[in-house]
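Beneath this line is the structure, given in structure tokens, with notes to follow.
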Amino acid sequence: MHGKVSANQIDTTNQAQTDAQTTATVNNTSANGTSNDNNTALTNSDASATTSAADSQSSAATTATANAASATTTTANAAATAATADNSEQTNYNQNDKGNYAYLDSVKLSDNGQPQVSGWNATNSSEGKPYHYIIAYDNTTKSEIARTQVTNPVSRPDIQKAHNVYGAAQSGFNVNLKLSADALANADSISFISRYSASASGNSNYTDFWFAPITFDKENHAYLDSVTVNNNQLQVSGWNATNLAANKPYHTISVYDRTTKQVVASQTVKAVSRPDLAKVYPDVDNADQSGFNVSFDLSKLNLNHQLQIISSYSADANAQLTDAVNYYFTPITNGNYTNQGNLDGIDISNGQQLIVAGWHADDISKLESNHYLILFDNTANKQVTAVKSATTSRSDVAKAYPSINTAASSGFRTSFNLNELNLTPGHSYSLVSRYSTSANGNGGDGQYTDKWFSLPSFNKHEYSLDGVEMTSEGLHVTGWMASDFSLNRNNAYIIVLSNGKEIGRQKVELYNRTDVAKANASIFNSLNSGFNTTVKFDPAQATGNLQVLMRFSGSEDGNSDYDDQYSSTYATNAGSFDQITVSDNGIYVSGWHASDQSANKPYQYLIFVDAESGKELYRQQVLDINRSRPDVASVEPAIINSGKSGYQLYFNIPSSLDHHTVRVIHRITSDVNGNSDYVDVESQPVSIHADKWAWPFPAVGEGHFSGAQLFGVNPGGEFRQNGFHDGLDFGSYDHPGAHVQAIHSGKIVSVGYTAGLDWYVLEDTGDYLIVYQEAFASRGDINVTPGQQINVGDVIGTRDTSHVHIGITKNHNFNYDLANSFNNNGTWLNPLEIIRNGLNG
């Protein structure tokens with residue numbers, strides 16, 4: 001109960017009495033409450049108006065309890081006699097004090113739910129009224145609901161000192177009232193009345209003091225102490241205390257499925273003693289027996305639904321929720337599928353353990369409190385193993401998912417013993433994080449929530465060759481090799497292949513590479529992956545493409561049950577012509593050439609061959625060799641002595657090379673003349689003096705001409721008009737060769753046919769117009785097309801006639817030039833002089 005104590009109910013025992021208190025009548029409202037004496041006339045003319053309310057309350061109380069009071073007459077008489085005896089000698093009191101003084105020291109409920117009321121009431125109006133009652137009055141129904149007589153007055157000398165009125169020294173009371181359960185449950189407030197009466201029944205000739213109304217605690221107090229799952233039972237404990245249930249003796253705990261909107265389980269409560277609550281709620285009926293501890297069969301509940309616990313007090317054991325006092329606890333599951341998680345990383349690098357770390361957050365884990373990590377073989381469609389795993393703190397997840405209450409404790413980090421797993425290389429695996437209500441096995445026999453994480457496929461392998469160097473003993477290699485397939489394949493080999501054929505192998509003992517483990521944690525045994533070895537063989541065996549093969553084998557000799565990784569290919573013979581510079585009179589060639597076949601080959605040559613025919617035109621020994629080339633060593637580490645593979649050579653251009661398009665061959669050989677036991681590298685085509693004039697048949701050069709073949713007017717050419725020849729004829733007899741080559745670089749501007757010229761080609765050099773005519777019987781004999789850029793030495797076409805006529809003019813109007821074919825007026829120029837001067841620069 002909560003007493004709403006008014007100011008006039010405060011104990012004023014230490015205050016001096018005032019004139020107002022001494023002049024008030026016993027029927028009027030005193031400073032401490034309301035009094036009524038139905039045998040004493042009012043002495044104040046205004047008192048009748050103020051007495052009516054008290055009279056109506058008093059008469060109602062008197063009428064409601066008349067019969068009940070008569071039953072206590074004998075007891076009342078005895079009490080009155082005792083009271084008279086106690087006060088028989090009291091003569092020294094202030095008979096002029098008209099006050100009615102009282103105070104409720106406390107109102108609380110006893111263990112059986114009955115009010116225990118203590119306080120005092122002292123007034124001169126009690127003289128001659130030996131019967132003292134405490135009455136409970138229901139302000140809701142406006143009726144008396146209980147009364148009890150004060151048979152053992154409490155000595156209050158303190159009150160006698162403060163209020164020297166009749167009977168003050170024995171004005172205390174401490175009584176229990178028997179209220180009905182309905183009254184306790186339904187009354188909004190109760191007024192307690194202290195009555196002194198001359199009647200044994202207490203229903204006439206009385207003086208009342210009405211204490212301020214006491215308001216009952218109408219709250220419904222409750223709390224869920226715990227909700228857990230154990231042995232496939234949902235265990236719920238807590239308490240529910242309320243005066244609203246004072247007349248409802250049946251207590252039930254129900255599980256309400258808010259998702260399906262139905263009660264799915266109920267359990268009658270066997271009360272659990274809660275003395276702690278009796279202290280907290282002394283004015284709530286039965287608070288000390290308000291505890292509950294019930295269990296529900298988990299198989300009848302769906303934890304993924306929104307489930308709510310309801311505490312119900314009812315008057316009928318079979319009452320529904322609508323006929324009860326209900327307390328609806330906050331739902332214990334939210335019914336929202338908030339299953340979130342992430343696999344932060346896996347680590348199998350040490351070859352002994354599979355370590356997994358991540359988080360899995362779902363509020364259902366509050367009830368599915370057993371956490372498992374399950375390794376599942378997707379390929380074989382079966383579980384490999386399961387371990388029970390504690391969860392760890394993850395404040396980062398809590399920040400990311402504030403709506404998931406359990407996110408802060410959603411982390412996991414667990415290791416599996418690889419020696420016990422029998423993983424199968426090539427298979428696909430998953431990790432399952434499971435929250436389950438079951439503590440057995442993998443939690444599968446209870447209700448559970450799973451989060452599946454895909455693990456990297458167990459079929460990875462990686463390698464790196466950190467260093468490769470060909471030595472006189474063989475290939476020295478450093479690096480690392482790791483493979484999921486190395487599980488149960490404990491023999492590691494490094495094998496060297498030349499054009500796919502093995503030329504050497506070496507078994508290696510792998511050592512720790514923490515850098516590799518860090519970068520490749522998801523590859524089995526990547527920590528133990530390093531190697532540093534020399535595979536021994538004669539470097540001369542390395543021809544063509546060289547490869548390093550890294551093998552894990554289940555056999556001791558490495559020839560069966562293996563997993564291989566192949567490196568990229570390495571050249572065994574390589575070179576580059578870094579510079580080929582053609583000056584007016586000479587050629588400078590520099591570059592490098594390295595070969596694993598260079599052992600016992602001390603001589604080097606540069607050989608120049610015709611780019612078209614392949615015919616050798618010139619060769620010269622290179623003496624400036626074995627120059628330092630660290631750049632080559634880093635690019636071609638698999639070639640012996642590649643760091644000293646440089647060379648250079650300068651020589652004057654011989655006539656056999658001038659105006660030729662050539663390919664340059666660098667040769668390393670054991671033959672002093674360079675004709676046997678050699679290895680070569682070859683350049684792209686190189687034009688020598690491509691920007692100068694050249695002969696159409698380079699192999700012949702200038703050759704010789706008869707008078708009729710020469711330009712101008714010469715003996716033998718009299719048969720021509722004006723005896724004038726506008727070009728130079730290269731006869732097939734004196735200048736043999738099928739292919740007519742360009743005598744200068746330029747652009748083809750026309751390919752055509754005209755009578756007297758047959759098929760012809762016009763080339764524009766920018767300064768000159770060159771015509772190649774009378775050599776081609778058909779268009780098919782011509783290799784070039786209009787718009788084509790050509791270089792000196794390029795093939796214009798195939799000569800299939802007796803000669804090729806070449807004319808040169810600075811006039812770029814070919815029609816005009818043709819019109820002056822037989823006029824020696826400077827339109828046409830002498831090709832022999834132009835080409836010959838071109839040779840001389």
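Quick note: numbers below take in every heavy atom, side chains included, and nothing from hydrogens, waters or symmetry partners.
Across Tyr647, Trp592, Tyr603, Phe608, a single residue satisfies ring-ring contact (aromatic ring centres under 6.0 Å, His included) together with His666, and that is Tyr647.
A donor-acceptor distance shorter than 3.5 angstrom exists from the side chain of Ser613 to the backbone of Lys615, with no hydrogens or angles considered.
Scanning both residues, Arg799 and Val804, for their nearest heavy atoms gives CD-N, 4.0 Å. Of all the heavy atoms in Leu832 and Phe705, the pair that sits closest is CD1-CE1, 4.0 Å.
Pairs engaging residues 474-498 under the salt bridge (charged side-chain N to carboxylate O under 4.0 Å, His left out) rule: Lys460-Asp484, Arg489-Asp561 [sequence neighbours left out]. Sorted by first then second residue, the salt bridge (charged side-chain N to carboxylate O under 4.0 Å, His left out) pairs that include residues 373-383, not counting sequence neighbours, number zero.
Partners of Asp584 by salt bridge (Lys or Arg N to Asp or Glu O under 4.0 Å), not counting sequence neighbours, listed by chain and number: Lys692. The side chain to side chain donor-acceptor pair (under 3.5 Å) check on Tyr588 picks up Gln648, with sequence neighbours excluded.
Atoms OH and CD1, from Tyr618 and Ile688 in turn, are 10.5 Å apart once rounded to the nearest 0.5 Å.
For the pair Arg667 and Tyr605, the cation does not sit on the ring face, since its NZ or CZ is not both under 6.0 Å from the ring centre and inside 45° of the axis.
A donor atom on one side chain and an acceptor atom on the other are not found under 3.5 Å apart for Thr471 and Glu473. A donor atom on one side chain and an acceptor atom on the other are not found under 3.5 Å apart for Asn585 and Ser583.
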Show every donor-acceptor pair shorter than 3.5 Å between a side-chain atom in residues 534-543 and any protein atom, with sequence neighbours excluded, or say none if there are none.
residue: Thr534; atom: OG1; partner: His476; partner atom: ND1; Å: 2.9
residue: Asp538; atom: OD1; partner: Ala540; partner atom: N; Å: 3.0
residue: Gln541; atom: OE1; partner: Asp538; partner atom: N; Å: 3.2

Please set out all donor-acceptor pairs under 3.5 angstrom arising from side-chain atoms of residues 508-518, sequence neighbours excluded.
residue: Arg513; atom: NE; partner: Asp515; partner atom: OD1; Å: 3.0
residue: Arg513; atom: NH1; partner: Asp466; partner atom: OD2; Å: 3.2
residue: Arg513; atom: NH2; partner: Asp466; partner atom: OD2; Å: 3.3
residue: Arg513; atom: NH2; partner: Asp515; partner atom: OD2; Å: 3.0

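When ring centroids are compared, Tyr493 and Phe552 stay outside the 6.0 Å threshold.
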Given Val740 and Tyr772, is the side chain to side chain contact (heavy atoms under 4.5 Å, CB included) satisfied, shown in steps? CA-CA 9 Å; Val740 180; Tyr772 304 85; 4.1 Å; yes
Determine, stepwise, if the pair Glu763 / His744 fulfils side chain to side chain donor-acceptor pair (under 3.5 Å). CA-CA 9 Å; Glu763 176 192 358; His744 203 283; 5.2 Å; no
Residue pair Lys601, Thr669: steps toward the side chain to side chain contact (heavy atoms under 4.5 Å, CB included) verdict: CA-CA 5 Å; Lys601 293 181 174 65; Thr669 177; 5.6 Å; no
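No salt bridge links Asp764 with Lys747; every basic N to acidic carboxylate O contact stays at or beyond 4.0 Å.
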